[in-house]
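Please read the structure below before turning to the comments.
Bear in mind that the values here come from a model prediction, so they are computed numbers and not experimental data. Positions are given from 1 along the sequence. Both ligands and their constituent atoms are indexed starting at 1 by order of listing.
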Amino acid sequence: MTSSTPDDDTAETRAARLILALREQGVTDMKVLGALEKTPREMFTPDLFKERSWEDSALPIACGQTISQPYIVGLMSQALTLDRRSRVLEIGTGSGYQTAILSRMARLVYTVERYRTLLGEAEERFRKLGLTNVITKFGDGGIGWAEQAPFDRIMVTAAAPDEPKALLAQLKPDGVLVAPVGKGPVQQLIRYAGDGAGGFHKETLCEVRFVPLLDGVAREL
Ligand code: SAH
């Protein structure tokens, strides 16, 4: 007798199940769902957690950091309202998973990470996946990327203690920035939409738990 258990499922089946669950939770943008389905999350998770790659949970990666929960990646990507012309800045490359999702929906993705090891591993994944529209930088993303500003969209994937003013200053007047904001273990996910005249409409999307946005680059690898 044959029976099918979740353990026997292929990555494809697990992906399809996850996509369905995200849709039910409100990630309905087909571009976002398509990008999530096409991006093999198992390439971004450490060996110890490979089995859990298609679960809807954040997982530990090197350097004490985390790969974000797929639902949050979907929600943030949707809130960014990207299109094929968008030049996007992402702060906190981490595993590169969110970067890969963005790269499938935008024209160019600039991504900054403060750990050399994480950045190197992420670059290797982008190469293997043939993602040629990702530009990486080792540095302190809290100050943005002045040489490449202004950006159409900015996504911050580490918790900013306060309103990310330096980054908002690198956004186009009608741009959108999505960031977790708050000093504690639980932060507010905030969407800032430029009003075209130097101000922002601010919307709180939900509560999230991100690792903190830290100053400077990491001394350790
Ligand atoms: N988007 C990532 C999430 C990684 S966790 C993913 O999907 O895997 C957040 C990342 O932000 C960590 O890798 C951390 O090192 C990085 N980070 C924190 N502060 C930073 C800063 N000031 N500049 C650049 N990266 C930063």
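- Residues in residues 93-104 take part in these side chain to side chain donor-acceptor pair (under 3.5 Å) pairs, two or more places apart or across chains: Thr39-Arg104, Ser77-Gln98, Glu90-Thr99, Thr93-Thr111.
- Met105 is connected to Ile19 through a chain of hydrophobic side-chain contacts under 4.5 Å among Ile, Leu, Val, Met, Phe, Trp and Tyr, so both are in one cluster.
- Connection of Val134 to Val73 is established within a shared hydrophobic cluster, with ILVMFWY side chains joined at heavy-atom distances below 4.5 Å, either directly or through further cluster members.
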Protein N/O near ligand 1 N/O, under 3.5 Å, which pairs?
from	atom 1	to	atom 2	distance (Å)
ligand 1	1 (N)	Gly92	O	3.3
ligand 1	1 (N)	Thr157	OG1	3.1
ligand 1	8 (O)	Ser95	N	3.0
ligand 1	8 (O)	Ser95	OG	2.6
ligand 1	13 (O)	Glu113	OE1	2.8
ligand 1	13 (O)	Glu113	OE2	3.4
ligand 1	15 (O)	Glu113	OE2	2.6
ligand 1	19 (N)	Leu214	N	3.0
ligand 1	22 (N)	Asp140	OD1	2.8
ligand 1	22 (N)	Leu214	O	2.6
ligand 1	23 (N)	Gly141	N	2.7
ligand 1	25 (N)	Arg114	N	3.4

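- Summarising the local packing, CZ of Arg85 is surrounded by 12 or fewer heavy atoms from other residues, nucleotides or ligands at distances under 6.0 Å.
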Distance-only check: which donor-acceptor pairs under 3.5 Å involve side-chain atoms of residues 54-62, not counting sequence neighbours?
from	atom 1	to	atom 2	distance (Å)
Trp54	NE1	Glu42	OE1	2.6
Glu55	OE1	Arg52	NE	2.9
Glu55	OE1	Arg52	NH2	3.3
Asp56	OD1	Tyr71	N	2.9
Asp56	OD2	Gln69	NE2	3.4

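- Among residue pairs with one or both ends in residues 200-218, none qualify as side chain to side chain donor-acceptor pair (under 3.5 Å); sequence neighbours excluded.
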